[in-house]
Structure formats: C-alpha cells, structure tokens
Trainee: 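For reference, the structure I am asking about is given below.
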Amino acid sequence: MHDNFIGGRWLAGPRHQTLMNPSDLDEAVGDYTLADAAQMQLAVDAAADAAPAWAASGIQARCDALDRIGTELLARRDELGLLLSREEGKTLPEGTGEITRAGHIFKFQAQQVLRAGGETWPSVRQGITVETAHEALGVVGLITPWNFPMAIPAWKIAPALACGNALVFKPAEAAPASAWALAEIIQRSGVPAGAFNLVMGRGGGVGPALLNDNRVAAISFTGSQATGRRVAAACAARLVRCQLEMGGKNPLVVLDDAELDLAVECAVQGAFYSTGQRCTASSRLIVTAGIYARFRDALLLRTQALRVGHALLPETQIGPVVDERQLAQDLHFIARGTGEGATLLWGGQLLRRPTRGHFLAPALFADVDPGMAIAQEEIFGPVAALILARDAEHALVLANDTPFGLSAGVCTTSLKHARHFQHHLRAGMVMVNAPTAGVDYHVPFGGTRASSLGLREQGPQALAFYSQVKTTYVRA
Ligand code: ADP
C-alpha cells in the first residue's frame, strides 16, 4: 500500500484504490491510499507548523535539498520512467524524458534559490535607503492533473520549496504513482517534516478542505477549466493568490511557403504524440490554400503509419488513452465531428491489441469548419482538425478564434511571416517551425485568456508566484 506523506509520516487514508495500467487493464500498478477531508486538514496543520522554520532555513539547505531531489530523479530516470509509462500510458521514451525533465527542473530551481536576492534603492528622501526582499508566502497548495504526473508536480514543488514555502501537494487520483515516488524521494532530501506533504485523494473529496483553509496562502492548479473556476472562486473568496493552467485549443498554422516535411512532422508530433493528452497539443491544423492538398495528403500518409499499442513496446509511438472517461470524451468529439459534417480521413476507432487497453487510432479530420465543436473545444485526445485558410492573414484570424491562448505554432520559411505571427498570435507561447507541444524547463510556461490565470510557471519567473516582495525603508 502506498500511503500519504503528512508531517513526516506515512499515513493511510480511509479508502484506497488499485491503479491499473492503461496499456493492460489486467495489470495492477499498485495500491494507493485515498485521503478524506480530515486528513487534508492534518496535512495543512503539518505544513502550517513547519512553514516558519523552513522559511527561515538557509538558502544553502534549500539549494542542497532541491539539488538532491534532481540528482535522484536523473539517476533513476529509467526505473521511474517505466513506472510513469505504466501508470499513464505514455511511451517509454516519453516517460523517461518526463523524469529527466523533472530532474532538470529541480536542479534549475536549486540554483534559483541562490539567485533570489533583493535590491537596494536610493530613496527620493535624504538619509533613507530602500530595500526590497522576497519572502515566502507560508503554506501553499498544489493541485495537479494526470497527464504529466511527474513534470507538473516538479514545476510547482521545486519553486514553492525554493522560496521557503511549506506545501500540500494533491496529485490527480488517476495518476498517483509518480507523485508517490516523488514524495518518497523528497522525504530523504533534507526537506524537513511537514514542509512537504502528499495527500492523494479525489478532488471533490479533499479539494475543498485545501482551497477553503484560511492558513493556505496560495493555490497553484493545473487541470480542467471547470475545476479551475472553482479554485479561482475559492481563492477570490479568501483573497489569496492563485495560478491556473487550464489547457488549450492550440493552432498550428502551415503557410504556403512552409517546408512540407517539417510541417507534417510538427503536426504529427504536436497532435498525436503523448496520445494528444497535452494541454499544448496541436488540435487545430490551419493550412493555407496553396499547400493544403499536399499537406493533407502527406499528413494522412504519416498518420496512417503511426503505431499505436502497449506503451512499453519499443515499436509503439502512440500509447493508450489514459482511462475510460477520457476515451468516452474522445469518442464523443469524434462522433460530433462527423455529425457536424467534417470528413474523417483516418482513425477514430478502437484498436484491438494483445492486451486490454484503450487503444484509439489517431483521428484526422478534414473539411473542418472553424465553428465546429472539434475546432473550438478542448478534446485532450489524439484528434486533429484540418482547417483551410485562404491566406496568411485569414490563417491568423482563425488561429486566434477560440477562447484559449496557451500555445500556437507557425510553419513558414519567411522571416516576415514568422515575426508577424510571433507578434499577433494570441498565445502565451509561440513556436516557429516547431511543434506546439514540447517546452524547455528553464523558461516561462503559461498562456493567455481562458488558458491561464496568474503568474507564469517554470523558469526564473516561477519564483514570483511563490514569494512576496517586502519593501523596507531604513533611515541610517
Ligand atoms: P481532468 O479533467 O484533467 O482530470 P480536473 O480539473 O478534474 O481535470 O482535475 C485536475 C486536478 O484537480 C486533479 O488533481 C483533481 O483531483 C483536482 N480536483 C478536481 N475537483 C476538485 C475540486 N473540487 N477541488 C480541488 N481540486 C479538485
């Protein structure tokens, strides 16, 4: 049994779940405990007790602890990558790559601890000096989804601890295994008891106890828009800060002058890899008239050749859909796409494999009207919609025509077009001749409009959310 980690102790919750491998629904990954609201409260108690000492700890202690976590993640990337692939259904290279990225995040934020200095300013008044310094917030709550069960926790936990906050980490109930493995590493890293707490449980059951606790100074959340709204409302009611990342409907624009092979590769990578289960996935492929037919035909051939199967098989490129609920959502949107008149060029059907799993053939739609549901709503599966644009300006209008604004890409060989799209795509991240998904660990991550709310995650900017500035005036 894998228990919660609260106040430095492993504690069982009142219930538990057996986690199954989405590539093989007859294989159990492990038993994971499920907390209730009372146990969540214990975790906040522990964090509140530990917060002052951790905030006052030296920067070397914090830097060393984060660095140790990063070192262990990197050393165990193969073993933990395998676990991640078994729990989430990513292919092994994707699973191992995610552990590597998490290791790099911890190591990067370890160094950030040493750089988070303050500033000294001259005052406009004689005899006074002004100093600004960054202080910890206290207790922060971190709520994460299942699709990056190691990287997203890493990019919240590392800066939260770097700034000297105590935290309560609530991973998604669909993917607790990586979260537990990370907690097991953190407990040995030098982070004191209570500064890091793991509470596994159902969002609706334990979430409110975290969101509504007056001792929690901030919430960082990644997940659906519906839950994000709840988190924002709870934080607004208590006047505490929140940071929300809620997905996208990311466009990849392919212009007439694009390099065809590169554009097709960007589309396949962005739309179908990781089974399309990325908030930065390219679910809209907006293609100008001069290249549309060639791009469509080449993409179709490439999509037909994709190998879908058990995540651990070396030949597999696309793993299974994570669970039944997500599969039902994917199938619902595929049916809506055909129902609304789009042409399903390929895929969209369940595939039989030697093991029982939710294997779905990547779905490629053509003749998609920009107003259709498959062109407007986030699906979170291996479903791509080809949309015809008259020219570059029309493509830009279409690209910006959803409420979301996380990531956006453009494939072009023209510097003029590239710069124009860079400036006018309404998204937090723009990719030129690169897939919309796949980001670095040392630079900011986040979106605009309905995709994100609050300060950026990752990179040096991540510290701003987890700390507050104090301005001090000193008369010498
Ligand atoms: P998804 O559809 O990707 O599972 P959710 O928004 O449902 O997205 O879940 C993201 C995270 O939010 C998960 O850890 C989930 O348990 C948590 N969650 C769900 N409901 C709530 C809630 N009412 N309060 C706090 N957290 C919640």
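Indexing begins at 1, ligand by ligand and atom by atom, following the structure's order.
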Trainee: Would you mind checking if E98 and R101 are paired as a salt bridge, meaning a charged N to carboxylate O distance below 4.0 Å?
Mentor: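 Between E98 and R101 there is no salt bridge, as every charged N stays at least 4.0 Å from the carboxylate O atoms.
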
Trainee: As a test of reading the model: which residues have a non-hydrogen atom less than 4.0 Å away from ligand 1?
Mentor: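 Under the 4.0 Å cut-off, ligand 1 touches I143, T144, W146, K170, P171, A172, E173, G203, G204, G207, L211, F221, T222, G223, S224, T227, R230, R325.
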
Trainee: Can you tell me how far CD of E245 sits from OG1 of T280, rounded to the nearest 0.5 angstrom?
Mentor: 8.5 Å

Trainee: State, without any angle test, whether K90 and S85 hold a side-chain donor-acceptor pair at a distance under 3.5 Å.
Mentor: no

Trainee: Looking at residues at least two apart in the chain, or sitting in another chain, which of them share a side chain to side chain donor-acceptor pair (under 3.5 Å) with T33?
Mentor: none

Trainee: Answer yes if the ring centres of W54 and F196 are under 6.0 angstrom apart, and no otherwise.
Mentor: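 They do not qualify: ring centres at least 6.0 Å apart.
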
Trainee: Taking the six-membered ring for Trp, are W10 and W180 parallel (under 30°), tilted (30 to 60°) or perpendicular (over 60°)?
Mentor: tilted

